[in-house]
Amino acid sequence: MTEPKFKYAFFIPYKGDDYSNGINGKKVLVLGASFYCDKDCKYHSDCTDPVKRGTNKYNLICPWYKENGAILSEEPDNEVTSCPNNKAYGTFGRFLKRFIEKDFVGSAWDYVSFTNYVQFMQPDRTTLPCYLTERDYLAFIEVVQHHEYDPDVIIVWGKPVREELQRRLPKSCKSIDKIRNRDRVLRVHFYNENKARVLVFIHHPITAYLSKEIWDKDFDEMTENIKIALQ
């Protein structure tokens, strides 16, 4: 695959080997919240400054990625393929298996694409409202409408990104079975396109560790909502 070029998106989305086959015939983009860096190096304060948002400048000089032959813009691929024991990715991968044919081989991540909403390295693990900008929304639309991805279903992790998207989405988007899913499954036509896509909002999978009672309480509802989105 030729590396896609973007105007707004800095991070190049991860794309599983079986992404084009999809899940239940649907191409699925998973949208996380943000990447963060808590490393102690001389570039850290500038690279993670939420005002400068200067990740691009450090793409080729980050010592933590350079020593592994990687660059920052490839972060989704680095994380998904190199961190199988990451709590969020591991939890979601196990959760996703229930929607794939029982005889599939490999990781559930092979069947989806993935990126995060915020387009710079955050200085901490909490996605604050002040970190979310117009550029991030334009990057999201750019990825969604790129021919390499063009998802039918978008699974969105966590409250900060859900609230930001709900604020910015076209007024024409419609809730699917509003009474049952509490506006967590939406059918939307993004700007200048005729294709209908489905957004489904779930808890960030790290919730299964940090607030397990919330994850467990809503587990059945999240499962049902994804089933609705994949129909």
Side-chain angles (χ1 to χ4, degrees), residues 6-15 23 26-36 50 53 75-76 79 88-89 92 95-96 112-122 125-146 148-207 211 214-215 218 221-231:
F6 297 112
K7 179 179 179 181
Y8 300 106
F10 170 67
F11 296 108
I12 302 168
Y14 161 84
K15 182 179 175 184
I23 301 175
K26 308 285 187 180
K27 290 193 291 185
V28 178
L29 169 68
V30 180
L31 184 67
S34 53
F35 299 107
Y36 58 86
R53 300 173 67 88
E75 175 71 7
E79 288 212 353
Y89 298 127
F92 186 74
F95 179 65
L96 197 62
V112 299
S113 59
F114 170 78
T115 194
N116 276 318
Y117 186 79
V118 179
Q119 293 296 305
F120 80 104
M121 283 285 195
Q122 289 186 179
R125 303 188 184 201
T126 302
T127 303
L128 301 176
C130 63
Y131 293 164
L132 282 57
T133 67
E134 176 73 11
R135 181 262 179 100
D136 299 314
Y137 183 70
L138 293 174
F140 164 67
I141 296 297
E142 185 176 42
V143 168
V144 166
Q145 296 184 338
H146 195 284
E148 289 283 356
Y149 307 100
D150 191 27
D152 303 298
V153 175
I154 303 163
I155 300 175
V156 182
W157 289 359
K159 183 178 179 180
V161 179
R162 170 175 61 80
E163 292 183 340
E164 179 72 358
L165 287 182
Q166 287 175 330
R167 184 175 71 84
R168 291 181 176 272
L169 287 173
K171 302 293 185 183
S172 58
C173 65
K174 301 292 184 181
S175 180
I176 301 175
D177 202 346
K178 180 176 182 177
I179 295 176
R180 291 173 60 193
N181 62 51
R182 297 184 298 160
D183 279 341
R184 295 301 195 266
V185 187
L186 303 177
R187 191 180 308 281
V188 59
H189 289 81
F190 288 113
Y191 312 103
N192 301 318
E193 64 178 13
N194 295 320
K195 177 174 180 173
R197 308 179 197 270
V198 178
L199 274 71
V200 54
F201 300 107
I202 70 169
H203 292 307
H204 195 294
I206 199 63
T207 305
S211 302
I214 295 176
W215 178 266
D218 292 335
E221 180 183 303
M222 292 188 295
T223 300
E224 183 63 24
N225 286 348
I226 292 180
K227 286 180 179 178
I228 292 171
L230 291 172
Q231 290 177 353

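No hydrogens, no waters, no symmetry mates; every other heavy atom, side chains included, goes into these values. These numbers were taken from a predicted model, which means no experiment stands behind them.
Here the shortest heavy-atom pairing between Gly32 and Val161 reads O-CG2, 4.0 Å. In plain terms, the two heavy atoms of Ala9 and Glu142 that are nearest each other are N-OE1, 2.9 Å. The two residues Gln119 and Ala139 come nearest to each other via the heavy atoms CG-CB, 3.7 Å. Here the shortest heavy-atom pairing between Ile155 and Ile226 reads CD1-CD1, 4.1 Å. Across every non-hydrogen atom of Trp215 and Pro205, the tightest pair is CZ3-CA, 3.6 Å.
When side chains are defined from C-beta on, Glu75 does not count as touching Asn116, because their heavy atoms never get closer than 4.5 Å. Residues Tyr8 and Val143 form no side-chain contact, since every pair of their non-hydrogen atoms from C-beta on lies 4.5 Å or further apart. Side-chain contact check for Ile12 versus Pro76: every heavy-atom pair is 4.5 Å or farther apart. Contact of the Phe201 side chain with the Leu186 side chain is registered, since non-hydrogen atoms from C-beta on lie closer than 4.5 Å. When side chains are defined from C-beta on, Asp150 counts as touching Lys195, because their heavy atoms get closer than 4.5 Å. Counting heavy atoms from C-beta outward, Tyr149 and Leu29 have side chains that stay 4.5 Å or more apart. For the pair Val118/Leu132, a side-chain contact is recorded, criterion being any heavy-atom separation below 4.5 Å from C-beta on. Contact check for Ile202 versus Trp157: side-chain heavy atoms found under the 4.5 Å cut-off.
Between the side chain of Arg53 and the main chain of Tyr131, a donor-acceptor pair closer than 3.5 Å is present. Using a distance-only test at 3.5 Å, with no hydrogens or angles considered, a donor-acceptor pair links the side chain of Gln145 to the main chain of Tyr191. Side-chain atoms of Arg197 come within 3.5 Å of backbone atoms of Pro151 as a donor-acceptor pair (strictly under, hydrogens ignored). Put simply, the side chain of Glu164 never gets that close to the backbone of Arg168: no donor and acceptor are under 3.5 Å apart.
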message = Before you tell me yes or no, could you show the steps for Leu169 and Phe190 under side chain to side chain contact (heavy atoms under 4.5 Å, CB included), namely the whole-Å CA-CA distance, both residues' side-chain angles and the distance that decides it to 0.1 Å?
response = CA-CA 8 Å; Leu169 287 173; Phe190 288 113; 3.5 Å; yes

task = Start with the C-alpha gap between Phe120 and Phe10, add the side-chain angles, then the distance that decides, and say whether side chain to side chain contact (heavy atoms under 4.5 Å, CB included) holds.
result = CA-CA 7 Å; Phe120 80 104; Phe10 170 67; over 6 Å; no

query = Going through the distances and angles, do Val153 and Leu230 end up as a side chain to side chain contact (heavy atoms under 4.5 Å, CB included)?
reply = CA-CA 7 Å; Val153 175; Leu230 291 172; 4.2 Å; yes

request  = Give the C-alpha distance, both sets of side-chain angles, the deciding distance and a yes or no for side chain to side chain contact (heavy atoms under 4.5 Å, CB included) between Leu31 and Leu165.
outcome  = CA-CA 11 Å; Leu31 184 67; Leu165 287 182; 4.0 Å; yes

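Atom NE2 of His189 and atom CD of Glu193 lie 8.0 Å apart (nearest 0.5 Å). The structure places CG of Asp183 at 10.5 Å from CG of Asn225, a figure rounded to the nearest 0.5 Å. Tyr117 OH to Thr133 OG1: the interatomic distance, rounded to the nearest 0.5 Å, is 7.5 Å. Atom CD1 in Ile228 sits 10.5 Å away from atom CZ in Arg187 (nearest 0.5 Å). Expressed to the nearest 0.5 Å, how far NE2 of His203 lies from CE of Met222 amounts to 5.5 Å.
The number of heavy atoms from other shown groups lying within 6.0 Å of NZ (Lys159) does not exceed 12.
Note: Phe35 and Phe11 have tilted aromatic rings, judged against thresholds of 30 and 60 degrees for the angle between ring planes. By the 30° and 60° cut-offs, the orientation of the rings of Tyr89 relative to Phe114 is perpendicular.
Between Asp218 and Arg184 there is no salt bridge, since no side-chain nitrogen of the basic residue lies less than 4.0 Å from a carboxylate oxygen of the acidic one.
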